[in-house]
Amino acid sequence: MALLRRERLGEGAVVAAAVAIFAPSLGYSLTFDDLGTVVEHPGVQGSSLRDLLLRDFWGHPFGDPNGVPTYRPVVSATYWLDRHLGGGAPWVFHATNLVVYGLLLLAMFRLLRAFGGLGHRARLLMVAGFASLAIHADVVPSVTGRAELLAALFCVLALDLALRGQWRWFVPVSLLALFAKESTVPLVLAIPLVARRRSIAVGSVVAVSGALLARAAMGLPFRARHVGAEADNVLLARGVAARIPGALDVLTRYVEHTLTGLDLSPDYHYASVVPSASLWSVRPLVGLALAIALVAALATKRLRAPLLLFLASYAVASSLIVPASAVVADRLFFLPSFFLVLAVAIALRRRRVVAYGALAFVAAQSALTVVVSRMWRDERSLSVHIVSNYPVNARGRDLRAHVAYLDGDVAMTAWELVVEAAIYNAFPRALDREAIPASWESLPPGARLDKLRALLGPAAF
């Protein structure tokens, strides 16, 4: 009993520390995508159940040509509760994110006890490692990032139920995951392979079929059709064979971001790097080596389950199965990272040196996460961060123009819109990351335009 109490205290301490990293978000504003998912969503802001359930995640009515093929009524319902029962102040939305995040980490501890293969200390390090990753710094502080949190929570609970043989609850929990985020489809289908239970397999098919039929009945497309979708991810306009180098490039950058947490930027920053990749470039070749290593590791019995779950959750963010995602953003790797860290923890367990190294990694990543997550405090800090890290991110330039307009800076507004147009005009070619450096913003308007004219040429300019 005393041992169990110590284990629970240890888990509680890890969860409390992880939540504390993002506690400053209670003072943050609503930013970026929150405008569409919360502020301007008629269902979230109003009292009509029809508006809440019969619109996409961004508030567009079904059939709207500018709509987005994302239907997440579970997430939108929590926004409605925050708006109508919690008062709707920004801190209420952020507080809910913190609560859901804490519940997710507790669910992960419960899952690991059912999963087996790790002792108590290893479980503490594993969850702490996942929670500390700076690559996830735009999930918890972003209200729209709640889709990742809820999808992960319900997927973890569904897997836990499957491993414990509690299949009667599996279908409803899986449906909650599917309607929290559509990217959970492959993972829900993969869970029976890990649980090895026929009833769970049937439940997976029932849950996924029900979700897909519901989408079809509502007329929701499975591919992004809004204006500019291809410019956010050029691979949308290419065949599968042409996507392979880009997918391998994404894998390399995902591992880089996971290990270092450097050069992070909110949504869309992969759009500037993926399209330019060829199979014989350095990053795609590294990605190929990583992919081969992952497939080879599947032959290891103890790693097979976590790697299968990783591959299932990673597939939709890979840029290979493109209709699953219009863009590739770091937040899409939130749930895959859990299974990747789990696989690493199982592979390196019972090694004291590894434990010390893991502690150092957790400490370093936690410190970086505290710093990086502050970019979400308001739209000004967010837009400056995006443009500084990824100057050829068209959506980032658009946000920067919006902030400059609100500040009354007409010259900066015009400059950002001109740069955004230049990035889109390069389609389907991607501009080099430093082609239009952020340092140009410190120059007088005329000097900036001269440099842009020299870069693009008179005709394109």
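Minimum heavy-atom separation, L303 to A343: CD2-O, 3.3 Å. Contact detail for T184 and A151: the closest heavy-atom pair is CG2-CB, 3.7 Å. Nearest heavy-atom pair, F339 versus L187, reported as atom, atom and distance to 0.1 Å: CE1-CD2, 4.0 Å.
Contact annotation: the side chain of T31 never approaches that of S142 to less than 4.5 Å [non-hydrogen atoms, C-beta and beyond]. Residues L149 and K181 form no side-chain contact, since every pair of their non-hydrogen atoms from C-beta on lies 4.5 Å or further apart. The shortest distance between side-chain heavy atoms of F115 and L163 falls below 4.5 Å. Side-chain contact between V387 and N393: absent, with no pair of heavy atoms (C-beta onward) separated by less than 4.5 Å. Here the side chains of Q45 and V38 are in contact, with some heavy-atom distance below 4.5 Å. Put simply, the side chain of L133 reaches to within 4.5 Å of the side chain of V341, judged on heavy atoms. Contact annotation: the side chain of Y71 approaches that of F179 to within less than 4.5 Å [non-hydrogen atoms, C-beta and beyond].
In this structure, the separation between SG on C155 and CG on L176 is 10.5 Å, given to the nearest 0.5 Å. Here the CG atom belonging to L53 is positioned 8.5 Å from the CZ atom belonging to F62, to the nearest 0.5 angstrom. Atom CG of L309 and atom CG of L342 lie 8.0 Å apart (nearest 0.5 Å). Rounding to the nearest 0.5 angstrom, the gap separating the CH2 atom in W376 from the NE2 atom in H94 is 10.0 Å. Note that the CG atom of L248 and the CZ atom of R243 stand 13.5 Å from one another [nearest 0.5 Å]. Summarising the geometry, atom CG belonging to L111 is positioned 8.0 Å from atom CZ belonging to R164; distances are rounded to the nearest 0.5 Å.
Judged purely by atom type and a 3.5 angstrom limit, Y79 has no side-chain atom pairing as donor or acceptor with the backbone of V39. Counting only distance, with no hydrogens or angles, the side chain of H385 and the backbone of L264 share a donor-acceptor pair below 3.5 Å. A distance-only check finds no donor-acceptor pair linking the side chain of S204 to the backbone of L189 [under 3.5 Å]. Under the 3.5 Å distance criterion, the side-chain polar atoms of R146 are matched with a main-chain donor or acceptor of F93. R123 contributes a side-chain N or O that, together with a main-chain N or O of L118, makes up a donor-acceptor pair within less than 3.5 Å. Under the 3.5 Å distance criterion, the side-chain polar atoms of N97 are left unmatched by any main-chain donor or acceptor of P141. Judged by distance alone, the side chain of S318 and the main-chain N or O of A315 form a donor-acceptor pair under 3.5 Å. A distance-only check finds a donor-acceptor pair linking the side chain of Q365 to the backbone of A134 [under 3.5 Å]. Between the side chain of D330 and the backbone N or O of I135 there is no donor-acceptor pair closer than 3.5 Å. For the pair R374 (side chain) and V371 (backbone), a donor-acceptor distance under 3.5 Å is absent.
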task = Check step by step if side chain to side chain donor-acceptor pair (under 3.5 Å) holds for D34 and T144.
result = CA-CA 6 Å; D34 302 343; T144 302; 2.6 Å; yes

message = Evaluate F334 against L104 for side chain to side chain contact (heavy atoms under 4.5 Å, CB included), listing each step before the verdict.
response = CA-CA 12 Å; F334 182 70; L104 170 62; 3.5 Å; yes

task = Given ring pair (Phe, Tyr, Trp, His ring centres under 6.0 Å), test F310 with F338 step by step and report yes or no.
result = CA-CA 8 Å; F310 167 72; F338 172 73; over 10 Å; no

request  = Output, in order, the C-alpha distance, side-chain angles, deciding distance and verdict of salt bridge (charged side-chain N to carboxylate O under 4.0 Å, His left out) for R110 and E11.
outcome  = CA-CA 10 Å; R110 176 182 166 85; E11 293 173 359; over 6 Å; no

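No hydrogens or angles considered: a donor-acceptor pair under 3.5 Å links the side chains of D82 and T96. No side-chain N or O of T252 forms a donor-acceptor pair with one of D249 less than 3.5 Å apart. For the residue pair H136/S337, the side-chain donor-acceptor check at 3.5 Å is satisfied.
Within 6.0 Å of CZ on R380 lie no more than 12 heavy atoms contributed by other residues, nucleotides or ligands.
A salt bridge does not link E379 with R400: none of the charged nitrogens is closer than 4.0 Å to a carboxylate oxygen.
Just one of T37, T70, D33 meets the side-chain hydrogen bond (donor to acceptor under 3.5 Å, both in side chains) condition when paired with W58; it is T70.
The aromatic ring centres of Y254 and Y314 sit less than 6.0 Å apart.
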Only distances under 3.5 Å count here; give the side-chain donor-acceptor pairs of residues 12-28 to other protein atoms, sequence neighbours excluded, each with its distance to 0.1 Å.
| from | atom 1 | to | atom 2 | distance (Å) |
| --- | --- | --- | --- | --- |
| S25 | OG | F22 | O | 2.6 |

